[in-house]
Amino acid sequence: MTDFYNKVYRIARQIPKGHVATYGQIAALLSTPRAARMVGTALRSLPDDSDVPWHRVISGKGIITIENMEHPTEEQANLLMAEGVIVTKVDGEYTINLKEYLWSPESLEALSDKR
DNA sequence: AAGGTGACTAACA
DNA sequence: ATGTTAGCCACCT
């Protein structure tokens, strides 16, 4: 478990229920704005029993862009809707209204708080 | 150690 | 506005 992964998980846990964050956003919070791909990679190797809400992390356009066949996009969409997030299926892709549900990292101070 | 890969984005054509 | 190409950074082979 690398330190980078650990940071990603810590931030992902900050996402409140009913909101979502984009990969680029999280990458920016990690001081590596271009490492959006790594964020996805980190979430990919995330164990199932983890408390990290990986389903609240989506692409920058509000589309669930998952490639892991162990966790299909429909499952993620289902989890989000269970939290009150409206997920619209458009052309086989699950889309989320970012203007409504995008999480604003206004509580960055929480990151400094190491648990 | 070097090169390839990817749950991404932004820039071009 | 859609389709492709090219950066990007850390991980994997």
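A quick note: this is a predicted structure, and the numbers were derived from the prediction, not measured. Here is the naming used below: chain letters follow the sequence lines, and residue numbers restart at 1 for every chain.
- Looking at E74(A), its side chain never comes within 3.5 Å of a backbone N or O of Y94(A) through a donor-acceptor pair.
- Although no hydrogens or angles enter the test, the distance criterion places no donor-acceptor pair under 3.5 Å between the side chain of Q14(A) and the main chain of I11(A).
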Between the protein and nucleotides 2-5 of chain B, list every N/O to N/O distance that falls short of 3.5 Å.
none

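- Between the side chain of T22(A) and the backbone N or O of Q25(A) there is at least one donor-acceptor pair closer than 3.5 Å.
- We find that OH of Y5(A) is positioned 10 Å from C1' of dG6(B), with the value rounded to whole Å.
- W103(A) approaches P16(A) most closely through the heavy-atom pair CD1-CD, 3.4 Å.
- Using a cut-off of 4.0 Å between Lys/Arg side-chain N and Asp/Glu carboxylate O, R56(A) and E83(A) are scored as salt-bridged.
- Residue T2(A) is classed as a sugar-phosphate contact, given heavy-atom separations below 4.0 Å to backbone atoms only.
- Rounded to a whole Å, the CH2 atom of W54(A) is 14 Å from the P atom of dA7(B).
- The distance from the CD1 atom of I64(A) to the CG atom of L79(A) is 9.0 Å, given to the nearest 0.5 Å.
- Per the geometry, NZ belonging to K7(A) stands 12 Å off C1' belonging to dA10(C), to the nearest Å.
- Between I26(A) atom CD1 and dA10(C) atom P there is a gap of 16 Å when expressed in whole angstrom units.
- Between S45(A) and A35(A), it is A35(A) whose nearest contact on DNA chain C lies nearer the 5' terminus.
- I63(A) places none of its side-chain heavy atoms less than 4.5 Å from the side chain of I58(A).
- Straight-line distance from the CG atom of L43(A) to the P atom of dC11(C): 14 Å, rounded to whole Å.
- Between Y9(A) and S50(A), the closest side-chain pair of non-hydrogen atoms is not below 4.5 Å.
- For the pair Y5(A)/L46(A), no side-chain contact is recorded, criterion being any heavy-atom separation below 4.5 Å from C-beta on.
- Listed here is the closest heavy atom pair of S59(A) and Y23(A): N-CE1, 3.4 Å.
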Quick one: which protein N/O atoms are closer than 3.5 Å to N/O atoms of nucleotides 1-3 of chain C? Pair and distance per line, please.
none

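- Closest heavy-atom contact between A27(A) and A35(A): CB-C, 3.8 Å.
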Next item on the list: Sugar-phosphate means primed atoms, P, OP1 and OP2; the rest is base. With that split, encode nucleotides 8-13 of chain B 5' to 3' as B, S or - using protein heavy atoms under 4.0 Å.
Entry: BSS---

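- The CD-C1' distance, from E74(A) to dA7(B), rounds to 16 Å in whole Å.
- dC11(C) atom P lies 12 Å from atom CG of N6(A), rounded to whole Å.
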